[in-house]
Amino acid sequence: MSRVFALVDCNNFYASCERVFDPSLASRPIVVLSNNDGCVIARSNEAKALGIPMGAPFHEFKRLADHDKVEVFSSNYPLYGDMSARVMRTLAEFTPDVEIYSIDEAFIDLGHLAGRRPADVARELAQRVRRDTGIPVSVGLGPTKVLAKAANRIAKRNPETGGVLDLDALGPHRDAHLAQIDVKDVWGIGRRWSKRLHEDGIHSALDLREADPHLVRRRFNVVVERIVHELRGFSCLSLEQAVPPKQRIMTSRSFGERVTRYEDMREAISAFTARTAAKLREQKSRAGALMVFIQTSPFNEQEPFYQNGATRQVVPPARDSGDLIAVAQDALEAIWKDGYRYMKAGVMLLDLSPEDVVQERLFGAVDNASESERTKLLGVLDGLNEKMGRGTLHYAAEGDGKAWKMRQDHRSPGYTTRWGELPIARAADTP
DNA sequence: TCTGGGGTCCTAGGACCC
DNA sequence: TCTGGGGTCCTAGGACCC
């Protein structure tokens with residue numbers, strides 16, 4: 001009994017999210033920009049057809065976008081996160097065997113749906129997601145994750161599939177399709193490795209499948225070897241349902257304007273630390289170490305480049321924003337240099353452990369009473385910021401952000417913050 | 001003028017210990 | 001004066017993902 005993996009992938013996810021709330025955007029070219037309105041990170045099919053590439057610096061395509069009346073959006077992550085949760089909930093109604101792989105993708109195990117063809121189930125599932133959330137999805141099916149990914153790619157590129165394709169149902173056409181997938185587009189093969197593979201005469205997914213696994217391991221590593229096995233239909237990557245707690249948590253931003261003053265940078269670092277600490281508490285962890293980094297623009301050749309980071313132990317491991325801000329400010333002081341125009345900075349929490357494991361303090365026992373007071377206070381802080389929007393309550397050290405906040409000139413209007421109060425929107429063309 | 005953010009895994013090499 | 005070998009842990013760097 002072979003298993004059947006399905007990869008469900010939302011089509012042009014961020015662009016589709018914007019469309020759900022504004023039906024007049026249907027069939028119009030849409031691009032969504034990265035933080036700070038820097039790069040293009042999502043495009044509707046119409047924008048793709050105009051030749052706007054993924055990841056391109058937006059300023060290079062601004063004129064084209066103006067000329068062709070492209071709808072431009074700053075990214076709106078609270079909205080996309082809410083829509084993602086709705087999609088994932090809809091999938092979970094179908095089967096409990098769901099691995100949420102990214103904000104817009106999930107793997108599903110369709111191996112034990114007795115008596116039904118997997119592709120039929122997948123089609124029903126895609127229709128349900130579309131009906132309940134307004135988001136169009138594609139589904140690829142195969143005996144391994146790598147093959148399900150490939151199937152999804154084929155489904156997206158071949159409209160006659162209706163967005164659903166089972167690789168094992170292709171029969172003799174299967175290898176022809178795999179031969180058309182460049183090896184760089186195989187899941188897990190990036191730019192570097194695909195270049196080397198091409199040099200070795202391995203150009204397509206089919207070529208890679210036919211390669212000798214031992215040889216591949218010698219020339220590359222176990223990761224690529226696993227991909228060869230997966231392409232052959234031997235599953236090496238399983239469905240990961242229990243999300244392990246993150247091992248590091250980071251907040252970093254490019255600034256809307258270059259930062260030159262120490263006080264402004266200290267505010268930014270404090271705000272990033274507070275945000276990171278909130279994420280830390282969300283997954284119920286403590287941090288045993290903290291890293292701060294700052295950097296100038298690597299693109300500007302007229303100015304000297306400077307980049308530095310400092311890591312500090314946090315003793316004892318902490319979850320309190322105030323404690324972590326103090327450590328972060330100390331780390332910043334060690335790396336700050338006057339005279340540079342800083343473009344970006346960030347804070348990373350490392351050496352994470354479960355929050356309920358408290359190490360003995362070196363001197364004296366932990367004061368349980370004040371510890372539980374502190375926990376209550378942090379709960380109130382996080383609760384308010386979640387309900388009323390980030391930054392409702394913040395530490396004085398964070399300042400007002402005027403000097404460093406990112407640019408977001410094209411943000412969609414405020415349907416975003418309070419999902420629970422929204423009417424449910426439906427795409428115009430669903431039955 | 002304008003170039004994102006947040007993660008993971010694997011490996012090599014050094015420190016340290018017995 | 002000679003000067004082993006193996007294990008573990010940690011870190012940095014390189015690759016990948018969306």
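For the numbers below, each heavy atom of this structure counts, side chains included, while hydrogens, waters and symmetry mates do not. So that the names make sense, note that chain A is the first sequence line, chain B the second, and so on, each numbered from 1.
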S.K.: If you round to the nearest 0.5 Å, how far is CE of A:Met88 from OG1 of A:Thr90?
M.R.: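 Result: 10.0 Å between the selected atoms.
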S.K.: Using a strict threshold of under 4.0 Å (side-chain N to carboxylate O), is an ion pair present between A:Glu93 and A:Arg89?
M.R.: no
S.K.: Apply side-chain hydrogen bond (donor to acceptor under 3.5 Å, both in side chains) to A:Asn308 and A:Lys337, showing your working.
M.R.: CA-CA 10 Å; A:Asn308 208 347; A:Lys337 278 200 204 166; over 6 Å; no
S.K.: Near DNA chain B, under 4.0 Å by heavy atom, which residues of residues 54-70 of chain A?
M.R.: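 When residues 54-70 of chain A is checked for heavy atoms under 4.0 Å from DNA chain B, the hits, listed by number, are A:Pro57, A:His59.
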S.K.: Write down the distance separating the C1' atoms in B:dG4 and C:dC17, rounded off to the nearest Å.
M.R.: 15 Å
S.K.: So if I apply the salt bridge (Lys or Arg N to Asp or Glu O under 4.0 Å) rule between A:Glu225 and each of A:Arg217, A:Arg219, A:Arg218, which one comes out positive?
M.R.: A:Arg217
S.K.: Closest heavy-atom contact between A:Tyr14 and A:Ile41?
M.R.: CE1-CD1, 3.7 Å
S.K.: When you measure from every atom of DNA chain B, which of residues 186-212 of chain A have a heavy atom less than 4.0 Å away?
M.R.: none
S.K.: May I ask you to decide whether A:Arg174 forms a salt bridge with A:Asp168, counting only side-chain N to carboxylate O separations under 4.0 Å?
M.R.: yes
S.K.: Looking at A:Glu303 and A:Arg258, is any side-chain nitrogen of the basic one under 4.0 Å from a carboxylate oxygen of the acidic one?
M.R.: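 A salt bridge is absent here (no side-chain N lies under 4.0 Å from a carboxylate O).
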S.K.: For A:Lys344 and for A:Asn221, locate the closest nucleotide of DNA chain B by heavy-atom distance; then report the residue assigned to the nucleotide nearer the 5' terminus.
M.R.: A:Lys344
S.K.: For A:Ala328 versus A:Ile269, what's the shortest heavy-atom pair and its separation?
M.R.: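 What the structure gives for the nearest pair is CB-CG2, 3.9 Å.
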S.K.: Is any NZ, NE, NH1 or NH2 atom of the basic residue among A:Arg390 and A:Glu398 found under 4.0 Å from an Asp or Glu carboxylate oxygen of the other?
M.R.: no
S.K.: Between A:Phe107 and A:Trp187, is the ring centre distance below 6.0 Å?
M.R.: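 Yes, the ring of A:Phe107 comes within the 6.0 Å limit of the ring of A:Trp187, centre to centre.
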S.K.: Would you say A:Arg196 has more than 12 foreign heavy atoms packed within less than 6.0 Å of its CZ?
M.R.: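 Yes, enclosed.
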S.K.: Counting only non-hydrogen atoms, which of residues 138-155 of chain A are less than 4.0 Å from DNA chain B?
M.R.: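 None, since no heavy atom is under 4.0 Å.
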S.K.: Looking at side-chain heavy atoms only, is the closest gap between A:Val137 and A:Cys10 below 4.5 Å?
M.R.: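 Counting from C-beta outward, A:Val137 and A:Cys10 do come under 4.5 Å.
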S.K.: Chain A on DNA chain C: first and last contacting nucleotide, 5' to 3', under 4.0 Å to a heavy atom?
M.R.: C:dA15 to C:dC18
S.K.: Scan residues 240-253 of chain A against DNA chain B and write down, sorted by residue number, each residue with any heavy atom closer than 4.0 Å; if none is found, say none.
M.R.: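 Hits under 4.0 Å, by residue number: A:Lys246, A:Gln247, A:Arg248, A:Ile249, A:Met250, A:Thr251, A:Ser252, A:Arg253.
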S.K.: So, applying side chain to side chain contact (heavy atoms under 4.5 Å, CB included) with A:Arg319, which one of A:Leu349, A:Thr375, A:Val314, A:Leu324 is it?
M.R.: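 Among the candidates, only A:Thr375 passes.
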S.K.: Check the pair A:Ser27 / A:Glu46 against side-chain hydrogen bond (donor to acceptor under 3.5 Å, both in side chains), numbers first and verdict last.
M.R.: CA-CA 7 Å; A:Ser27 77; A:Glu46 297 77 12; 5.5 Å; no
S.K.: Requiring both pairing distances under 3.5 angstrom, list the stems that contain DNA chain C and are made of three or more consecutive Watson-Crick or G-U pairs.
M.R.: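 Stems found: B:5-18 with C:5-18.
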S.K.: Within the structure shown, what part of the strands sits under 4.0 Å from A:Asp37 by heavy-atom distance: base, sugar-phosphate, or nothing?
M.R.: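 A:Asp37: no heavy atom of the nucleic acid under 4.0 Å.
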S.K.: Taking the basic N atoms (NZ, or NE/NH1/NH2) and the acidic carboxylate oxygens, is any pair closer than 4.0 Å for A:Glu105 and A:Lys149?
M.R.: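 Yes, this pair counts.
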